[in-house]
Amino acid sequence: MTNSVDLTGTVKDEKTFPARASYQVSTGAVLGHTLQCMTGREHRINKSLVAPPFRRLVSAGYTDTLLEPLAHELIDSFAARGQADLVQEFTTAYPVRVISALLGLPAREASEMSRWAHDLFNFPIDPDAAVRASQEFTAYITPVVAQRRATPGNDLISTLVGSTVEGERLNDDQILAFLRLLFPAGADTTSLALGSLLAALLTHPDQLDRVRSNPEEEVPWAVQEGLRWEGPVAMLPRFCPEATTWQGIAIPAGTPMIFGITAANRDPARYAEPDRFDITRHAMPLTAFGGGPHSCLGNWLALAELQAALTVLLEHLPGLRLRADAVADAKVTSQIGAALRGPNALHVQWDA
Ligand code: HEM
């Protein structure tokens, strides 16, 4: 058995380790028949139908029009105070507001969306809350989809309603399942990633200074190193339907599998001194966004969101630092089982 294994090739291997069997059990009951539960042609067509608004250049285009103005708006509400808990007041709200804005939904429902997003992914741990969140979210979003079918606008739901690939369109069930997946997959993950990135920089003030002194150059590398050092998605669930031998390990048929993303991103065979947070290593996290057919649909949007948020926070809150009495709280912990990780609080102050 080897200590270091190649996860990038493994997650591409849908035949040996399909995603669908795991997700049908872990999220299917509350999210429905989502991309994660699909395979083969159905997955390819459905992913192509929803992909255009999340492509690299489209996502980068949101920076000026949506991401930076939204980050400024959220920070404006507390900037004069000189201190805040960034998890409570910024990192939790920002990605939900981004997705809500893209879908053309009102900002005032963002805290409700945030709760639904969290509860939906929490199905294996709190099934009752997840079922409730699924029912409430579906009741809220179904009339919105009907309204966009009747009167399409300039928003993502209208795009989904109208898009065609190989002569196929999304029906209402497919759109609803996609929207139920979008909030937990896009909002919870990005909130946690932003919290962990800020926790890393705030507890490494020399590196925070480096980012502050040259944001254009350093923000993208800080984001990449944050995702490597403490990615929000810690593991990929898979299933092994037929007996196989993988990297010297005999795996019996019917074995549930967990591939450790966070472990792969600290593999000493790939990263020198992997436990050191170092934005100058200029290394990409190989598996933070998964890989192969089920790789993250929103990776470009997530990168644009993280970069915009960090840039605006440093610009808008001069001298941003952890409050001296709250350094111990800036700790990344497990949020949903061991699958998602991020900090519970980030009590900071700045020169107001
Ligand atoms: C830092 C933030 C994010 C991280 C670390 C992340 C990570 C991941 C990972 C690891 C997967 C693969 C899961 C698997 O193979 O089992 C995934 C899939 C997915 N992500 Fe993300 N994600 C992030 C943000 C987003 C955003 C912003 C969106 C959308 C707006 C999004 C939408 C999706 C969707 C729809 C899938 C399922 C793709 C499929 O099954 O084909 N994610 N994400």
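Whatever order the structure lists ligands and atoms in, that order sets their numbers, starting from 1.
Test Ile141, Val96, Asp155 against Leu105 for side-chain contact (heavy atoms from CB on, under 4.5 Å) and you get one pass: Ile141.
Looking only at protein heavy atoms, the nearest one to atom 1 (C) of ligand 1 is Ala193 CB, 3.6 Å. Atom 37 (C) of ligand 1 has as its closest protein heavy atom Gln36 CG, 3.9 Å. The protein atom (non-hydrogen) at minimum distance from atom 29 (C) of ligand 1 is Leu182 CD1, 3.6 Å. Here the protein heavy atom with the shortest distance to atom 16 (O) of ligand 1 is Tyr23 OH, 2.5 Å. Of the protein's non-hydrogen atoms, Arg238 NH2, 2.7 Å is the one closest to atom 15 (O) of ligand 1.
Shown here are the salt bridge (Lys or Arg N to Asp or Glu O under 4.0 Å) partners of Glu89, two or more places apart in sequence or in another chain: Arg81. For Phe277, the ring pair (Phe, Tyr, Trp, His ring centres under 6.0 Å) partners at least two apart in sequence or on another chain are His204, Trp229. Looking at residues two or more places apart in sequence or on another chain, you find a ring pair (Phe, Tyr, Trp, His ring centres under 6.0 Å) between Trp350 and Phe78.
Ligand 1 has Pro232 within reach: a non-hydrogen atom of the residue lies less than 4.0 Å from it. A heavy-atom separation below 4.0 Å is not found between Ser22 and ligand 1. Heavy-atom separations between Ala19 and ligand 1 are all 4.0 Å or longer.
Within ligand 1, the atoms closer than 4.0 Å to a non-hydrogen atom of Phe54 are 30 (C), numbered from 1 in the order shown. Those atoms of ligand 1 that come under 4.0 Å of a heavy atom in Pro293, given as number and element, are 41 (O). For ligand 1, the atoms sitting less than 4.0 Å from at least one non-hydrogen atom of Ala288 are 5 (C), 7 (C), 10 (C), numbered in the order shown with element in parentheses.
Contacts with ligand 1 closer than 4.0 Å are made by no heavy atom of Pro95, backbone or side chain. Counting heavy atoms closer than 4.0 Å to ligand 1, residue Leu181 contributes side-chain atoms (C-beta onward) but none from N, CA, C or O. Residue-level proximity to ligand 1 for Met38 is absent, since no heavy atom of it falls below 4.0 angstrom. Residue-level proximity to ligand 1 for Leu301 is carried by the side chain, the only part with a heavy atom below 4.0 angstrom.
Using a 4.0 Å cut-off between charged side-chain N and carboxylate O, Arg149 and Asp172 make a salt bridge. Look at Arg212 and Asp209 and you find a salt bridge, because one of the NZ, NE, NH1 or NH2 atoms lies within 4.0 Å of a carboxylate O, short of that distance. Taking a cutoff of 4.0 Å between a charged side-chain nitrogen and a carboxylate oxygen, Arg266 and Glu273 do not qualify as a salt bridge. Between Glu42 and Arg20, none of the side-chain N atoms (NZ, or NE/NH1/NH2) sits under 4.0 Å from a carboxylate O, so this pair counts as no salt bridge. A salt bridge links Glu73 with Arg97: the closest approach of a Lys/Arg side-chain nitrogen to an acidic carboxylate oxygen falls below 4.0 angstrom. In this structure, Arg238 does not pair ionically with Asp13, as no charged nitrogen and carboxylate oxygen lie closer than 4.0 Å.
Around the CD atom of Glu242, the shell of radius 6.0 Å holds no more than 12 heavy atoms that belong to other residues, nucleotides or ligands.
With waters neither drawn nor counted, the protein N/O/S atoms under 2.8 Å from atom 21 (Fe) of ligand 1 amount to 1.
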task = Might you work through the salt bridge (charged side-chain N to carboxylate O under 4.0 Å, His left out) test for Arg41 and Glu166, ending with a clear yes or no?
result = CA-CA 11 Å; Arg41 182 175 186 276; Glu166 295 180 23; 3.4 Å; yes
inquiry  = Set out, in order, the CA-CA distance, both residues' side-chain angles and the distance that settles ring pair (Phe, Tyr, Trp, His ring centres under 6.0 Å) for Phe259 and Trp246, then state yes or no.
reply    = CA-CA 12 Å; Phe259 293 108; Trp246 173 74; 5.3 Å; yes
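Taking the six-membered ring wherever Trp is involved, the centroid distance between the rings of Phe137 and Phe183 falls below 6.0 Å.
Considering backbone and side-chain N/O of His43, one or more are found under 3.5 Å from N/O of ligand 1. Polar contact with ligand 1: present for Lys47 (N/O pair, distance under 3.5 Å). The shortest N or O to N or O distance between His294 and ligand 1 is under 3.5 Å. Below 3.5 Å of separation, one finds no N or O of Ser295 facing any N or O of ligand 1.
Using modelled atom types, one finds a donor on one side chain and an acceptor on the other under 3.5 Å when comparing Thr138 with Arg180.
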